[in-house]
Amino acid sequence: MPTVHISLPEKKYRLLKQKAAELGIQVTDLIKLYINDGLMHGFGHGKASGGADPAEIRALERRMDDLENKVRRDVLYMKGKVREIEEMFLFIMERMDQLEEIVDRVLRQRTLVTANE
């Protein structure tokens, strides 16, 4: 894949970094989004301003909200599953301790029986 290297003023880079952090993506991915938006809606496509259609922006905002809600639901679900696994692990560990005590008791009884014979 071809690679492009660009030099940016520190202030612009900080703004890109801040925006990328807000969106939860890497700076390079944000730059790719900006390039794609510019190619799709910028010069040569009938829009002098280069901005996206407000209806498209609203649709994207709704989609982002839906995705954020889905991520929140999935995170809560996964936290619940982690709790279940932790509880199951504790149960198994307690049961193993009980079984070890039973095995020790049986072995001691067997040792006593063979010693008395």
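Here the structure is a predicted model, which is why all the values come from computation and not from measurement. Counting from 1, the numbers follow the sequence of the chain as shown.
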Checklist entry - Is the number of heavy atoms from other residues, nucleotides or ligands within 6.0 Å of CD (Gln26) greater than 12? => result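 No, CD of Gln26 has 12 or fewer neighbouring heavy atoms, counting only those of other groups under 6.0 Å.
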Could you give the side-chain donor-acceptor pairs of residues 16-25 under 3.5 Å, partners two or more places apart or in another chain?
none

In a table with atom names and distances, give each donor-acceptor pair under 3.5 Å that connects a side chain of residues 90-113 to protein atoms at least two apart or in another chain.
residue, atom, partner, partner atom, Å
Arg95, NH1, Gln98, OE1, 3.0
Thr111, OG1, Leu107, O, 2.7

Hydrophobic cluster identity match, [X] and [Y], side-chain contacts under 4.5 Å:
X	Y	result
Tyr34	Met64	yes
Ile35	Leu33	yes
Val4	Leu8	yes

Next on the checklist: Do the side chains of Glu86 and Arg83 get close enough for a salt bridge, i.e. N-O under 4.0 angstrom?
Outcome noted: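 No, Glu86 and Arg83 are not salt-bridged.
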Item to check | Sole candidate of Leu76, Asn69, Val71, Val75 that passes side-chain contact (heavy atoms from CB on, under 4.5 Å) when paired with Arg73 | outcome: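 Exactly one pass, corresponding to Asn69.
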Item to check | Any side-chain heavy-atom pair of Lys32 and Asn36 under 4.5 Å | outcome: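 No, side chains not in contact.
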Checklist entry - For Lys70, what residues pass the salt bridge (Lys or Arg N to Asp or Glu O under 4.0 Å) criterion, not counting sequence neighbours? => result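 Partners of Lys70 under the salt bridge (Lys or Arg N to Asp or Glu O under 4.0 Å) test: Asp74.
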